[in-house]
J.: 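Dropping a structure here in structure tokens format, bear with me for questions.
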Number of protein chains: 2
Amino acid sequence: MTTIKDIAKVAGVSVTTVSRALNGYPDVSEKTRQKIIEIAKQLNYSPNTLARSLVMNKSKTIGLLVSGMNHSAIKDNFTFEVLTGINDYIAKTDYDLILFSTNSTKQREKTYSQLCRERRVDGVILQGIKTDDPYLTEVVESDIPCVLIDIPIQSDKVGYVTTDNVLGAKKAVQHLIELGHENIAMMNGHDYAFVSKQRLEGFRQAMEEANVAINDDWIVNGEFSEEVAEKKALELFSKHREITAIFCASDLMALGVVKALKQMGLSVPDDVSVVGYDDILLASYVSPSLTTIAQNRFQMGYEAASMLVEMLEGKEAKVVMLRTQLIVRESTKKNQLLKGRM
Amino acid sequence: MTTIKDIAKVAGVSVTTVSRALNGYPDVSEKTRQKIIEIAKQLNYSPNTLARSLVMNKSKTIGLLVSGMNHSAIKDNFTFEVLTGINDYIAKTDYDLILFSTNSTKQREKTYSQLCRERRVDGVILQGIKTDDPYLTEVVESDIPCVLIDIPIQSDKVGYVTTDNVLGAKKAVQHLIELGHENIAMMNGHDYAFVSKQRLEGFRQAMEEANVAINDDWIVNGEFSEEVAEKKALELFSKHREITAIFCASDLMALGVVKALKQMGLSVPDDVSVVGYDDILLASYVSPSLTTIAQNRFQMGYEAASMLVEMLEGKEAKVVMLRTQLIVRESTKKNQLLKGRM
DNA sequence: ATGAAAGCGCTAACAG
DNA sequence: CTGTTAGCGCTTTCAT
């Protein structure tokens, strides 16, 4: 493998000059530069980034720490879409992405900063980790520039990008209220997700502002899983037939809820209206198609990558909050019980 | 940042001893080892893999070169599922994945081996590149261990994993023939994909073996795109109403074909039977659900990663061919025109 | 405009 | 069992 030493030898100059010529420094005569470039090409030279990184103390790599790249995450390709956005931005820069292959067992062996320092990544993008993950405290304590996705934690070196989950959830619930629903349930994710807390907050705000009573028994956790949500919905609706609408913190769970309802012989949306969250691909294909809150996952990744690269160039960590959009489809309908009244 | 030098100083030994102790060499007394490990922990030491890679001349990283990580690839998350499989295997090893962020413009600037040598990757997994991609010839010429996905090219350092596309397509078409169809069309991908060639071959074999006439005008290319397939199907079926069945080289294209047929007022499967290929998530959710050939994309990634790591440990490059499975759903049905006869 | 020399953090003969 | 020495390929003072 060719090194600058080889080039130097052939060109009859020192390695210093080769290095400077190849890196475009001005203090080398145009003639020598051309000669060196020519020789480099002939010798099929590629710089060794490892050596360069070692001496420059920066690697031009960005670490990607995602939890949610597993077999079960395929239906809801949140992770992939974010990744696509990240990749799209990074492709325009001279950084490369290194995907930390950490499964949960491995994660416990190595700390966050160990992971990052070993590979000497310049910055990190974190996605999909839970609120109780020990990595989270490390992120803030460490001085490695980091951008979080959907995790509202900020510090000097840590920024984040998210959507307005409170407002998003609020829009969803307001939609149900406007349709005349008053007995509204919520299928939330789990207690270890920031988005769950925020979407619950949005649910509460919408209900309170409209003076609709909140029944805490009607708020259950579906673990962001289609199957769990189905089971929980079965329980919920068999106990409380009076519920006419339900807001789900993810489309996947909404799918589970619809399944449960169908099993019970209830019609969506005639008997129960269902709103999801995410606007996953399936949402528009299933029957009935899902009313939902859309968020642009591609953009989330893109913005995260963009912010991180800016931070690496000296800019401040910041917060980016993206818009959501209510998409009305077939799974919601006017409250049938109120038909006479309205 | 702590280095082995710091540890050596504190422990009162040489860096060599530290290196050996930390790397588990046997030729260091248990007492010194324990002391060194203890100090390393206290000093919060992480090894610098860059330095290690430089001297050892291997980086413990695997390059991932995928074309198809873009916004449009979200419906058909082939890429993501393969990636998940790769990640799943790699997570069990001490390798990390580096995602080469190359868009098509950037790709033309740097050659394949430049890309790999710069980052000094130990091996590469390649996915989704076309048959006419200049990278392909480079892969074979280069001596970097490489595993291809769905590209049947083999050499000393190059293996591949794929599914039996000929047989897969054959099964699909035989299914249609068994249902009594004789006027069978094919919506293929494009000429620059190996799988297209193979699936076409399977189509031909099934037809010939059953003595069903092949009409070359009924074989069209949909570019693996839902939209293009829809357009092409519109043309095809308006010219040739006699076609009663069509085999599509991807589910996405099958979706487009179904759309076209619906637009023309034709029913699937009553008027036309449609078979897809891939068994993407949507296949079972759309209406009518899609009869298709399933392939295990997760496993493809997993096997590819596994093969590459084995090669890096000295084993031979090989070929892995995975099974496919015919999944019969609602989009295919007995040929109605033959009802009287059969 | 160019070169000599030092050093990034680590491993690997070799010698003792 | 341990230390000395050299060197991986590159950048960067500091001279000249």
Side-chain angles (χ1 to χ4, degrees), chain A residues 1-37 39-40 43-61 94 96 113-122, chain B residues 1-37 39-40 43-61 94 96 113-122:
Chain A
M1 198 141 299
T2 322
T3 70
I4 53 170
K5 214 169 160 180
D6 301 323
I7 300 178
K9 211 172 291 170
V10 176
V13 297
S14 73
V15 292
T16 317
T17 308
V18 177
S19 172
R20 280 192 289 232
L22 258 24
N23 288 308
Y25 282 65
D27 57 350
V28 45
S29 81
E30 204 45 43
K31 213 174 68 188
T32 356
R33 184 194 308 284
Q34 286 311 326
K35 190 163 120 197
I36 289 173
I37 290 179
I39 294 174
L43 264 42
N44 197 15
Y45 169 76
S46 310
N48 185 334
T49 54
L50 295 174
R52 175 183 288 158
S53 301
L54 182 60
V55 59
M56 307 245 294
N57 206 28
K58 51 182 174 168
S59 62
K60 287 285 175 181
T61 57
D94 57 347
D96 276 318
S113 58
Q114 269 173 340
L115 217 54
C116 297
R117 285 184 319 190
E118 282 189 6
R119 289 287 183 182
R120 291 299 191 274
V121 295
D122 296 334
Chain B
M1 197 140 300
T2 321
T3 70
I4 54 171
K5 214 169 163 182
D6 302 322
I7 300 178
K9 211 172 290 170
V10 176
V13 297
S14 73
V15 292
T16 317
T17 307
V18 176
S19 173
R20 281 192 287 231
L22 259 24
N23 288 307
Y25 281 64
D27 56 351
V28 46
S29 80
E30 205 43 44
K31 214 174 68 188
T32 354
R33 184 194 308 283
Q34 287 311 325
K35 189 163 123 197
I36 289 173
I37 290 178
I39 294 174
L43 263 42
N44 197 16
Y45 169 76
S46 309
N48 185 336
T49 54
L50 296 174
R52 176 184 288 159
S53 301
L54 182 59
V55 59
M56 307 246 298
N57 206 26
K58 50 182 175 169
S59 62
K60 287 284 172 183
T61 58
D94 57 346
D96 276 318
S113 58
Q114 270 173 341
L115 217 54
C116 298
R117 284 184 319 190
E118 282 189 8
R119 289 287 182 184
R120 290 299 190 273
V121 295
D122 295 336

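To find a chain, count down the sequence lines: A is the first, B the second, and so on, and within it residues start at 1.
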J.: Can you measure from CG (A:Asn23) to CZ (A:Arg33) and round to the nearest 0.5 angstrom?
T.: 9.5 Å
J.: So what is the end-to-end bend of the helix from C:dA1-D:dT16 to C:dG16-D:dC1, with 5 pairs used at each end and the value given to 10 degrees?
T.: 40°
J.: Check whether any side-chain heavy atom of B:Ile39 sits under 4.5 Å from a side-chain heavy atom of B:Tyr45, and report yes or no.
T.: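 A side-chain contact is absent here, since even the closest heavy-atom pair is not under 4.5 Å.
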J.: Grab the CD1-P distance between A:Ile36 and D:dT11 for me, whole Å please.
T.: 12 Å
J.: Between A:Lys58 and A:Asp122, does any side-chain N to carboxylate O distance fall below 4.0 Å?
T.: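 Here A:Lys58 does not pair with A:Asp122 in a salt bridge, since their nearest N and O are not under 4.0 Å apart.
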J.: Is it the case that A:Thr17 and A:Ser14 place a side-chain donor and acceptor less than 3.5 Å from each other?
T.: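 Yes, because at least one side-chain N or O of A:Thr17 sits under 3.5 Å from a partner of the opposite role on A:Ser14.
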J.: With a 4.5 Å cut-off on side-chain heavy atoms, are B:Arg119 and A:Asp96 touching?
T.: yes
J.: Grab the CD1-C1' distance between A:Ile7 and D:dG9 for me, whole Å please.
T.: 11 Å
J.: At a cut-off of 3.5 Å, list every protein nitrogen or oxygen paired with a nitrogen or oxygen from nucleotides 14-16 of chain C, distance to 0.1 Å.
T.:
none

J.: Testing the 3.5 Å rule here: is there a donor-acceptor pair between the side chains of A:Glu118 and A:Gln114?
T.: no
J.: Out of curiosity, B:Arg120 CZ to B:Asn57 CG, how far, rounded to the nearest 0.5 Å?
T.: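 It is 7.0 Å, given to the nearest 0.5 Å.
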J.: With side-chain contact (heavy atoms from CB on, under 4.5 Å) as the test, would you mind laying out the steps for B:Leu22 and B:Ile7 before giving the verdict?
T.: CA-CA 11 Å; B:Leu22 259 24; B:Ile7 300 178; 4.3 Å; yes
J.: Mind listing the residues from residues 23-34 of chain B sitting with a heavy atom below 4.0 Å of DNA chain C? Number order is fine.
T.: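 Per residue number, the list reads B:Asn23, B:Tyr25.
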J.: Is B:Ser19 reaching over with its side chain to a backbone N or O of B:Val15, donor-acceptor style, under 3.5 angstrom?
T.: no
J.: Just how far, in rounded Å, is C1' of C:dC8 from CG of A:Asn48?
T.: 13 Å
J.: I need the CG-P distance between B:Leu50 and C:dG7, as an integer number of Å.
T.: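 Atom CG in B:Leu50 sits about 20 Å away from atom P in C:dG7.
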J.: Between atom CD1 in A:Ile4 and atom P in C:dT2, what is the gap in whole Å?
T.: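 Result: 15 Å.
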J.: Please tell me which of the listed nucleotides, D:dG9, C:dT11, C:dC10, lies nearest to the side chain of A:Leu54?
T.: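 For the A:Leu54 side chain, the nearest candidate turns out to be D:dG9.
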J.: Going by the rule side-chain hydrogen bond (donor to acceptor under 3.5 Å, both in side chains), which residues pair with B:Thr32 if we only count those two or more places apart in sequence or in a different chain?
T.: B:Ser29
J.: How long is the straight-line distance from CG of B:Asp27 back to CZ of B:Arg20, given to the nearest 0.5 Å?
T.: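 Here the interatomic distance stands at 5.0 Å.
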J.: Rounded to the Å, how far apart are B:Lys35 NZ and D:dT2 C1'?
T.: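 Rounded to the whole Å, the gap is 12 Å.
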J.: So which of residues 9-18 of chain B are in contact with DNA chain D, with a heavy-atom cut-off of under 4.0 Å?
T.: B:Gly12, B:Val13, B:Ser14, B:Thr16, B:Thr17
J.: Is there a side-chain contact between B:Arg52 and B:Pro47, using heavy atoms and a 4.5 Å cut-off?
T.: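 Contact flag for B:Arg52/B:Pro47 side chains = yes.
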J.: Taking only residues two or more places apart in sequence or in another chain, which ones pass side-chain hydrogen bond (donor to acceptor under 3.5 Å, both in side chains) with B:Ser46?
T.: A:Arg117
J.: Tell me the interatomic distance from A:Lys58, atom NZ, to D:dC10, atom P, rounded to whole angstroms.
T.: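 Rounded to whole Å, this separation is 18 Å.
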J.: Does some side-chain heavy atom of A:Asn48 sit less than 4.5 Å from a side-chain heavy atom of A:Thr3?
T.: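 A side-chain contact is absent here, since even the closest heavy-atom pair is not under 4.5 Å.
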J.: In whole Å, I'd like the distance from the CE atom of B:Met56 to the P atom of D:dA6.
T.: 22 Å
